[in-house]
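Just so we're clear, the structure is a prediction, and the values are computed from it rather than from any experiment.
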Number of protein chains: 2
Amino acid sequence: MNTTIGWEFYRSFLGVLKEGSLSGAARALGITQPTAGRHIAALEEALGVVLFTRSQVGLMPTEIALALRPYAEAMESTAASLERTATSQGEGVRGVVRVSASDVIGVEVLPPIVAQLREQHPDLKVELVLTDRIHDLLRREADIAVRMMRPEQGQLVARRIGRIELGLYARKDYLSRHGEPRTVNELTSHSVIGYDQRSAFVRKTEKSVHGFSRDMFSLRTDNNLAQLALIRGGAGIGFCQVPIARRDDALTRVLAKKFSLQLETWVTMHEDLRNSPRCRATFDALVEGLQQYVA
Amino acid sequence: MNTTIGWEFYRSFLGVLKEGSLSGAARALGITQPTAGRHIAALEEALGVVLFTRSQVGLMPTEIALALRPYAEAMESTAASLERTATSQGEGVRGVVRVSASDVIGVEVLPPIVAQLREQHPDLKVELVLTDRIHDLLRREADIAVRMMRPEQGQLVARRIGRIELGLYARKDYLSRHGEPRTVNELTSHSVIGYDQRSAFVRKTEKSVHGFSRDMFSLRTDNNLAQLALIRGGAGIGFCQVPIARRDDALTRVLAKKFSLQLETWVTMHEDLRNSPRCRATFDALVEGLQQYVA
DNA sequence: TATCTGCTATACATTTATGTATGAACACGA
DNA sequence: TCGTGTTCATACATAAATGTATAGCAGATA
């Protein structure tokens, strides 16, 4: 019973999971609906399990199918990065490089760095994957990642950028209307912008700042960009990276001595990519650009 | 330019890399040589790179092909673990579980544990992957790993077993023939069994034991099982896990106070597998069995 | 209720991929 | 030097997978 299941089937399987129907998967994959149906049937036959419950509105994945999804996704991202590596081969900085970073970094910090990089290397294409989820570089969902924590996995090339300071900020006109808080407790009477879910960041802040708690947040969103926009829009007081806030004269820091958090910043890359010109160049550009940003 | 490269091609590609020829790959994959050739040709066409230089003795991989190999291997192991997970679905402890461990643990310690586990769960199949290489659980090359170091990767369920002591041992008849060394320096006149390459273990020992160096090894092999066999065969003095040595009355410890190294032992598993009955049962059995072994 | 849209499943034609057979080139050993 | 056992490449027949067309069902909409 040699593992003779066609890898194509997994691709169709993933397509159906993503699209929710045979027809949808067929459209997305560039095949036809009967073919997709046959692939699923063949896969179910080969694995000996039921993957979907058929219905006229689409295919409902079973628990088993959901359990298998991460594997299929891993295969997909690996295939994608194989292609990326292949098409980026050859001398010179060329091809596609995928960079993962938080949305704030991606929107506020990376654009000029990427712009300069592309100026120097016109044949280089850059894909930004903006998410807080720790992308698994080992799975090659991205080539290079900007992270706010020390990388723990082996097989990674990592360069420490330094610490990015985080502080509380508000627009001047907001403060002139509502007054500037002098103590942590005074924050209760303010519009404090913060997180919806009690994330690791919130717990860390609660520990380090006496008197602070999540209940103080009166404007809640887990989207960091939205928080930033709210601060800039004068909606209240919120957390912002100091270098970003400094660019905007309208923003003033609040309770600087109480709230000062440091984010360890690292740029990481899989060590296999060290000799890839495109990754090397991007890595170096990110390190240099981010160091300037931090300083 | 949608990524429309068939995943089957990658499988053939990997086959050719492993076997070194189209014919060999065809045999291994259960296809025919022309098909394998067509797959490679199609893949080269699609990627726009040359993967192999043809010759009548086989196909020589280019640098590019070698660079792509890890990706194809990742896909392969992911596909394999997808199958494993699928066929192990359903209630009850059934299916295949892959356990990674060092060869010594696998040969000397695991057998009775595995035997008892299979006694309790006859539908469970166990695959042992015996290697010192740190298997990447994230890549799912194995479901569960017995490791001699603290796991550093996230997304892992880890249980600490305790410390396994390592000591110097020799057969009594060897010692009666050659005398028992009383100091580290006296080892120079003995047949000391050790490692060929200067591994992390050797460097650690050189640091912790004054006067010790790799040059003392007069019987060298990187195969731990061979070292153990040499000790048991009375060929000299070597390192052995204390619990293993205690089983054999013919073995005596040497320089116990000088040489005493501790191996932190952990059992780890990907957290996704926590709810898999087969992995859960195996994990628990390993933890219990190893704890008894350590104690 | 009638109609539209989306879905799956089936029957049939066709394209595509695969296998079989064979030839030529090279390495190795008698 | 000549056979033997590899290998890859090509031509042709076959088997397999895919696409096309259509029927049937369910839910939404007017």
Side-chain angles (χ1 to χ4, degrees), chain A residues 1-47 49-62 64-66 68-69 72 75 79, chain B residues 1-47 49-66 68-69 72 75 79 83:
Chain A
M1 159 123 186
N2 201 2
T3 164
T4 182
I5 299 179
W7 288 6
E8 296 293 297
F9 295 164
Y10 297 134
R11 166 185 254 182
S12 300
F13 167 67
L14 184 58
V16 174
L17 276 174
K18 280 182 178 170
E19 302 291 330
S21 73
L22 294 177
S23 313
R27 274 193 301 274
L29 296 173
I31 56 177
T32 56
Q33 168 257 317
T35 301
R38 283 187 282 249
H39 281 181
I40 300 302
L43 191 56
E44 288 184 325
E45 165 75 15
L47 293 175
V49 297
V50 177
L51 295 172
F52 298 94
T53 52
R54 269 79 166 176
S55 86
Q56 263 89 0
V57 291
L59 271 69
M60 264 280 293
T62 62
I64 301 175
L66 294 175
L68 300 183
R69 178 167 191 161
M75 287 187 75
Chain B
M1 160 134 180
N2 201 2
T3 164
T4 182
I5 300 179
W7 288 6
E8 296 292 294
F9 295 164
Y10 297 135
R11 166 185 254 183
S12 300
F13 167 67
L14 184 58
V16 174
L17 276 174
K18 281 183 179 169
E19 302 292 330
S21 74
L22 294 178
S23 315
R27 276 193 298 275
L29 296 173
I31 57 178
T32 57
Q33 168 257 318
T35 301
R38 283 186 282 248
H39 282 181
I40 300 301
L43 190 56
E44 287 184 325
E45 166 76 15
L47 293 174
V49 297
V50 178
L51 296 171
F52 298 94
T53 52
R54 268 79 166 176
S55 86
Q56 261 88 2
V57 291
L59 271 67
M60 264 281 291
T62 63
E63 291 242 334
I64 302 175
L66 294 176
L68 299 182
R69 178 168 190 160
M75 287 187 75
E83 279 187 57

Could you tell me if the side chain of B:Arg11 sits less than 4.5 Å from the side chain of B:Ile31, heavy atoms only?
no

B:Leu68 side chain near B:Leu51 side chain, heavy-atom distance below 4.5 Å:
yes

Looking at the side chain of A:Thr35, which of D:dG19, D:dT7, D:dC8 is the nearest nucleotide?
D:dG19

Integer-rounded Å distance: [N] [atom2] and [X] [atom1]:
{"X": "A:Leu59", "N": "D:dA26", "atom1": "CG", "atom2": "C1'", "value": "15 Å"}
{"X": "B:Gln33", "N": "D:dA11", "atom1": "CD", "atom2": "P", "value": "14 Å"}
{"X": "A:Phe9", "N": "D:dT18", "atom1": "CZ", "atom2": "C1'", "value": "12 Å"}
{"X": "A:Glu45", "N": "D:dA16", "atom1": "CD", "atom2": "C1'", "value": "16 Å"}
{"X": "A:Leu29", "N": "D:dG19", "atom1": "CG", "atom2": "C1'", "value": "15 Å"}
{"X": "B:Arg54", "N": "D:dA9", "atom1": "CZ", "atom2": "C1'", "value": "10 Å"}

Does [X] have a side-chain nitrogen or oxygen under 4.0 Å from the phosphate oxygens OP1 or OP2 of [N]?
{"X": "B:Ser23", "N": "D:dT6", "value": "no"}
{"X": "B:Arg27", "N": "D:dT7", "value": "yes"}
{"X": "A:His39", "N": "D:dA17", "value": "no"}
{"X": "A:Arg38", "N": "D:dA17", "value": "no"}

To the closest 0.5 Å, what do you measure between CG (B:Leu14) and NZ (B:Lys18)?
4.5 Å

Can you tell me how far the CG atom of B:Leu59 sits from the CZ atom of B:Phe13, to the nearest 0.5 Å?
11.0 Å

Under 4.0 angstrom, heavy atoms only, what part of the nucleic acid is B:Ser21 near: base, sugar-phosphate, or nothing?
sugar-phosphate

Select base, sugar-phosphate, or nothing to describe what B:Gly37 touches, counting heavy atoms under 4.0 Å on all strands.
nothing

Judged by atom type as modelled, is there a donor-acceptor pair below 3.5 Å linking the side chain of B:Glu44 to the main-chain atoms of B:Val50?
no

Considering heavy-atom distances to DNA chain C, does B:Thr32 or A:Gly20 have its closest nucleotide positioned more toward the 5' end?
A:Gly20

5'-most to 3'-most nt of DNA chain C touching chain A (<4.0 Å, heavy-atom partner on protein side) reads C:dC7 to C:dT10

Contacts of A:Ser55 meeting side chain to side chain contact (heavy atoms under 4.5 Å, CB included) (sequence neighbours excluded), chain-then-number -> A:Val57

For A:Arg27, side chain to side chain contact (heavy atoms under 4.5 Å, CB included) partners two or more places apart:
A:Ser23

